[in-house]
Amino acid sequence: MKLHKRLKLAIILLIAMLPYMAYANDSIRIAKRDSILSEITGAQMPQKSLKILSFGAKGDGKKDCKPAFDKAMKRASQMGGARIIVPSGEYLLNGPIHFVSNVCLELQEGATLKFSPDPHYYLPVVKTSWEGTFLQNYSPFIYGYQLKNISITGKGTIDGNAGTTFATWKSQQKKGQQLSRDMNHKEVSGQ
């Protein structure tokens, strides 16, 4: 009988302690979050600016503007950084925009970046992540790796335009998803 009473008392004490244990876990989580947030700062905005139209872009929705964005990024890098201004218009991109450090892409009101849905434009593969798993994959539409001071501002629109291709791959992703997780987290070969 004494064991039963002791067990009952232990259960009651455990139940009474649950709110304090949850509070302690919540406090740890909040402290960790605040520590991470204290390290995050906004990008420094470059003073110099470049107009994407000066690099051959045309906001007609027909001309491939990827070469213009590549040239503008290269020039911004040579300058030590710049704001790349994209005025109103529809800018077709047959491939990704690869950022460089110290660049602000300013999409002015009425500007639309419309990416091609054709997957071959997003090769060669780049180091990226998918659902938190690091891997080599198609380039994201907007990409940067180990960069600093980058931003996208303005009232413009970014249209991935991927409803006919990339978006249709979701139903086929389970096998690849598990394979990439095994390769990354268990360090097993993709064979």
Side-chain angles (χ1 to χ4, degrees), residues 40-177 179-180:
I40 298 172
T41 61
Q44 295 177 0
M45 299 299 277
Q47 298 301 311
K48 302 170 194 161
S49 64
L50 302 169
K51 295 180 180 173
I52 197 64
L53 299 179
S54 300
F55 295 89
K58 203 170 193 178
D60 64 2
K62 297 174 185 167
K63 180 179 180 175
D64 178 15
C65 296
K66 177 168 173 41
F69 279 86
D70 291 345
K71 289 175 193 171
M73 287 290 172
K74 184 176 181 178
R75 179 69 183 118
S77 180
Q78 292 166 344
M79 296 169 58
R83 268 184 320 121
I84 299 174
I85 300 169
V86 182
S88 182
E90 185 176 291
Y91 299 86
L92 174 64
L93 287 143
N94 288 337
I97 294 174
H98 283 195
F99 263 80
V100 296
S101 288
N102 304 311
V103 167
C104 171
L105 184 61
E106 182 181 315
L107 303 177
Q108 295 184 336
E109 190 167 359
T112 298
L113 302 181
K114 190 166 188 172
F115 289 90
S116 170
D118 190 335
H120 89 270
Y121 287 127
Y122 303 94
L123 295 172
V125 297
V126 296
K127 289 182 182 182
T128 189
S129 66
W130 178 43
E131 297 184 340
T133 299
F134 294 99
L135 44 74
Q136 299 280 333
N137 204 348
Y138 287 90
S139 177
F141 297 152
I142 296 174
Y143 178 73
Y145 183 71
Q146 296 183 334
L147 303 176
K148 63 179 183 172
N149 291 321
I150 60 169
S151 58
I152 300 173
T153 62
K155 294 183 177 183
T157 302
I158 300 171
D159 181 353
N161 190 30
T164 59
T165 52
F166 292 109
T168 66
W169 296 0
K170 186 167 179 66
S171 64
Q172 303 167 24
Q173 77 182 14
K174 273 298 177 202
K175 182 180 177 188
Q177 181 183 49
L179 178 62
S180 69

Considering only residues two or more places apart or on different chains, which pairs with a residue in residues 145-157 satisfy salt bridge (Lys or Arg N to Asp or Glu O under 4.0 Å)? none
Is there a donor-acceptor pair under 3.5 Å between the side chain of Lys48 and the backbone N or O of Met79? yes
A quick test of your reading: do over 12 heavy atoms of other residues, nucleotides or ligands sit less than 6.0 Å from CD of Glu109? no
Out of curiosity, Leu105 CG to Thr153 OG1, how far, rounded to the nearest 0.5 Å? 7.5 Å
Distance in Å, Ile97 CD1 paired with Ile158 CD1, rounded so as to fall on 0.5 Å steps: 7.5 Å
Of all the heavy-atom pairs spanning Ala167 and Gly163, show the shortest one and how long it is. CB-CA, 3.9 Å
Is the shortest heavy-atom distance from the side chain of Phe99 to the side chain of Ile152 under 4.5 Å? yes
What distance do Leu50 atom CG and Phe55 atom CZ have between them, rounded to the nearest 0.5 Å? 4.5 Å
I'd like to check Gln44 versus Asn102 (side-chain heavy atoms, cut-off strictly below 4.5 Å). Are they in contact? no
Phe166 meets the side chain to side chain contact (heavy atoms under 4.5 Å, CB included) criterion, sequence neighbours left out, with Pro119, Tyr122, Tyr138, Phe141, Ala162, Trp169
Locate the shortest heavy-atom distance separating Gly110 from Ser88; write the atom from each residue and the value. O-OG, 3.4 Å
Identify the two heavy atoms, one from Gly81 and one from Pro46, that lie closest to each other, and give their separation to 0.1 Å. C-CB, 4.1 Å
What distance separates Ile84 CD1 from Lys51 NZ, expressed to the nearest 0.5 Å? 14.0 Å
Check Tyr91 against Pro87 and note the closest heavy-atom contact, atom names and distance. OH-O, 2.9 Å
Return the CG to CG distance between Leu113 and Asn161, rounded to the nearest 0.5 Å. 12.0 Å
Please list, one pair per line, the donor and acceptor atoms closer than 3.5 Å that link side chains of residues 56-75 to other protein atoms, with sequence neighbours excluded.
unit_1	atom_1	unit_2	atom_2	d
Asp60	OD1	Lys62	N	2.8
Asp60	OD1	Lys63	N	3.0
Lys63	NZ	Gly56	O	2.7
Asp64	OD1	Lys66	N	3.0
Asp64	OD1	Asn94	N	3.0
Lys66	NZ	Asp70	OD1	2.9
Lys66	NZ	Asp70	OD2	3.2
Lys66	NZ	Pro96	O	2.8

For the backbone of Lys114 and the side chain of Thr112, can you confirm whether one donor and one acceptor N or O come within less than 3.5 Å of each other? no
Hey, does Ser77 have a side-chain heavy atom less than 4.5 Å from the side chain of Val103? no
Residue pair Phe115, Ile142: steps toward the side-chain contact (heavy atoms from CB on, under 4.5 Å) verdict: CA-CA 10 Å; Phe115 289 90; Ile142 296 174; 3.9 Å; yes
Backbone N or O of Asn137 within a donor-acceptor pair of the Thr128 side chain at under 3.5 Å? no
Flag the pair Tyr145 / Val126 as yes when at least one side-chain heavy-atom distance between them is below 4.5 Å, and no otherwise. no
Point-to-point distance, once rounded to the nearest 0.5 Å, from NE2 of His98 to CG of Leu147: 10.5 Å
